Amino acid sequence: MRLKSLVMGVAASAIAVTGTLSTAATVAAEELYIPSLSYRTGPFAGGGIPFANGFADYLNMLNARDGGIGGIKVKVEECETGYNAQKGVECYEATKGKGALVYNPLSTGITLQLIPKAPVDQIPVLSMGYGLSAAAIGEKFPWTFTYPTSYWSQMSSILKHIDANGGLKGKKIGFIYLDVGYGKEPIPLLDQLGPKLGFEVAKFPVGVKEMQSQGSQWLNVRKERPDWMIMWGWGAMNATAIKEAAKIRYPMDRFIGNWWSSAHADLKPVGSSGKGYLGANFSGIGTDYPALQDVIKHVITAGNTQTKAEDVGNVLYNRGLFNAVIVAEAIATAQKMTGKKAISGADMRQGLENFKLDEARLNELGLGGFTGALSGSCSDHEGAGSVFIQQWDGNTFKKVSDLIAPMTDVVRPLLEDAANKYVSDKPNWKGQTCG
Amino acid sequence: MELLQQIFIEPFVLIADIPDLFVQTIWEGFVSGILYALIALGFVLIFKASGVFNFAQGIMVVFAALALVSLHTKFGVPAWIALLMVIGIMGLLAMGIERIVLRPLVGQPDAILLMATIGLTLFLQGAGETIFGGEPQSMITEELGLPTGATDWEVLGGRVTFQHIDVAAIVIAGLMVAGLALFFSKTRIGRALRAVADDHQAALSVGISLNQIWVIVWFAAGIVALVTGIMWGARSDVSFALEVIALKALAVLILGGFTSIPGAIVGGLIIGIGEKVFEVYWGGIFGGGTEAWFAYVLALIFLLFRPQGLFGEKIIERV
């Protein structure tokens, strides 16, 4: 077969797979329209499916139990991105004209594409615990939010955990990461904190094509002999990494995944050989929360869902649910602030800067103890939330630490520098002043 | 100067310092190479018989592995019966592809056939996700009687670990290659297949059924895909991410030649061992992650000097 034929075929494939899967739908005027940029297909579907389910189920529960938010039903429309930035942008363009209130891209790559679009279209982006860490600086990024915390803050919390368990000074920290925008995001922080806190960093990138073939990376781990390993993985990379770590007998209780690398979907294929593996998390595990029980009663049992009953309460399901909780709280706040039921994207931005999810409110929502207190703010768009550490017992995750606050004093100035750098070459970029 | 030291001195000092790591690296590369070769073998079988570059080989690996796991875990079919059923499914798939995709396209340019396999890829992706779901699943390794666990070999002042599943992968791949080689050289169908590969028109003129040959060859590629899916799945998990590993087979094919079974094996081993040794001993110079490009750069160099690959048929253009 000639090269020309191959090139034509590859080009045709690219055209075929980039076609948007979203369908045109008319949104009724009295609906709160929330596009869900989900991925139920492709190499990252293992993480995308439970997250999208938790997100949709909570909002559908509010529809069934409360008649929506403020008396208006919520319409969740999914658009399949396949975790592909180009398809994500196509989904955005296809849905933004339908009255979209907020975008939750579930992809750092897609988030980076949407950040400059958000102020133009006046639709905020909530990249919950992912995306551009510098977006935490509300003065520079009025339309982007990373609640309840950012990658940089999370990394600092993980480093604090390591420091509390044998110290950081003089240690070698191995960092294995998916070699895309998401995985590389905390590297500038590690590079700056290493010399400051006295630890050395050994980096082990994993390409998307090598996610399920990580022999070399773990031979390098064996060569470098790091005292701790931290993972920024996603999708099929996580289970493979943990299996490879077990193969070289790396101690599991010295291996910490970030909050996208420590879900049931990652550890179930590993089973007991992953026993002891640690992970950061900021949302509750299990179904022992009244809100989760309401989801089971009004959505799961009623069959108004794509979720398998046994997956309710899993790490990523609950993470998606928590994302929906922040969205719902911001909508309710915006409705109160504006006096309108059907709010706009600009109103939603106000809601995201002013919602209050303190312990009393969490209890009221049926989510007491599910997560730490979190409040919207004009200047702090990450919430500087804390994380806790969970551990795999061979069957499920157990919480093994209290909430660990980030090193805000160290991280915040670095975030400000990064935010200034981001806007420095954009003369028309509009920030905001916070009182 | 420092660069020269990193290239010519440090790797060899490291090999001398930790010789067991070097042995382990070669072993890991050998296993990866065999698994790459298995994927490449699927491409070779179809290309050899029909001149079609089967873009769908990667998704066939995923489809076969997911069908096997799902039949066992979701429908409670015993593992060995599930295995036989999947062999049957791959047979039906081969017949369906021949009847619906290939037969109407006989005589069309190669590009059309390639595009048809791209369409087949999208169809199998959609069908696979609809039937089996998109979540990763664990391979039913123990249920199939495949070995698990590992054996340590204390050697050169250190330790080399052999995973039993890797040893099994090598044995099974070896048996499969031997079986295919015998099939091609000793059986009537195998000889007919080679005749079709050499010249479609001439084969047709002596009464060989092109349609039958295509079904057989796609079925064989389906079996290879199933074995590949079981072995890769046992090493990590069974998910749609396995599909992208098939892209590595492109480099293997360029090295080994699109039409040679021994070429697929040798090409796979060169890439498997080469990329592991390069990443562990020279990867640091490039900041790591060299596996993402090593195979393709090597393939490009081969293309410059030997475009037909190590074992491919020499390209003779008559003008």
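Worth knowing before you read on, the calculation uses all heavy atoms, side chains too, and leaves out hydrogens, waters and symmetry mates. Computed from a predicted model, the values in this text were never measured in an experiment. Convention: sequence-line order gives letters A, B, ...; per-chain numbering from 1.
- The pair B/Asp17-A/Lys223 does not count as a salt bridge, with every side-chain nitrogen at least 4.0 angstrom from each carboxylate oxygen.
- Crowding of B/Gln6 atom CD: a count of heavy atoms from other residues, nucleotides or ligands under 6.0 Å exceeding 12.
- Interface residue B/Leu242: backbone and side-chain heavy atoms are both found under 4.5 Å from chain A.
- Proximity of A/Ser213 to B/Trp232: side-chain heavy atoms (C-beta onward) are separated by under 4.5 Å at one or more points.
- For the pair B/Glu291/A/Val206, no side-chain contact is recorded, criterion being any heavy-atom separation below 4.5 Å from C-beta on.
- The side chain to side chain contact (heavy atoms under 4.5 Å, CB included) test with A/Arg222 is passed by exactly one of B/Ile18, B/Thr25, B/Asp20: B/Asp20.
- Heavy atoms of A/Leu219 lying under 4.5 Å from chain B belong to its backbone as well as its side chain.
- A salt bridge between A/Arg40 and B/Glu135 is absent, with no side-chain N of the basic residue lying under 4.0 Å from a carboxylate O of the acidic one.
- Each of A/Gln214, A/Met211, A/Lys268, A/Lys243 has some count of heavy-atom pairs under 4.5 Å with chain B, and the biggest count is that of A/Lys243.
- If you measure heavy-atom distances from B/Ala234 to chain A, the contacts under 4.5 Å come from the backbone alone.
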Item to check | Test side chain to side chain contact (heavy atoms under 4.5 Å, CB included) applied to A/Ile248 and B/Gln24, step by step | outcome: CA-CA 10 Å; A/Ile248 68 160; B/Gln24 186 80 60; over 6 Å; no

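- The candidate from A/Gly207, A/Ala45, A/Gly271, A/Pro205 with the greatest count of non-hydrogen atom pairs under 4.5 Å with chain B is A/Pro205.
- Side chains of B/Met139 and A/Pro269 form no contact here, defined as non-hydrogen atoms less than 4.5 Å apart.
- Annotation for B/Tyr296 and A/Lys209: closest pair OH-CE, 3.1 Å, computed over non-hydrogen atoms.
- Neither the backbone nor the side chain of B/Trp293 comes within less than 4.5 Å of any heavy atom of chain A.
- Of the possible polar contacts, one joining the B/Glu129 side chain to the A/Gly42 backbone as a donor-acceptor pair under 3.5 Å is found.
- Between chain A and the residues B/Lys276, B/Glu28, B/Lys248, B/Gln137, the most heavy-atom pairs under 4.5 angstrom are made by B/Lys276.
- Neither the backbone nor the side chain of A/Ile242 comes within contact range of chain B; no heavy atom of the residue lies under 4.5 Å from a heavy atom of that chain.
- Scanning both residues, B/Ala241 and A/Gln212, for their nearest heavy atoms gives C-OE1, 3.4 Å.
- In this structure, chain B has a heavy atom under 4.5 Å from the side chain of A/Glu210, while its backbone stays farther away.
- The contact between B/Tyr36 and chain A is made entirely by side chain atoms (from C-beta outward), counting heavy-atom distances below 4.5 Å.
- For the pair A/Ser216 and B/Val280, the tightest heavy-atom approach, listed with the atom from each and the gap, is O-CG2, 4.1 Å.
- Contact annotation for B/Gln163: only side-chain heavy atoms (C-beta onward) come within less than 4.5 Å of a heavy atom of chain A.
- Residues A/Ala239 and B/Asp237 come closest through the heavy atom pair CB-OD2, 3.6 Å.
- Atom CZ of B/Phe123 has 12 or fewer heavy atoms from other residues, nucleotides or ligands within 6.0 Å.
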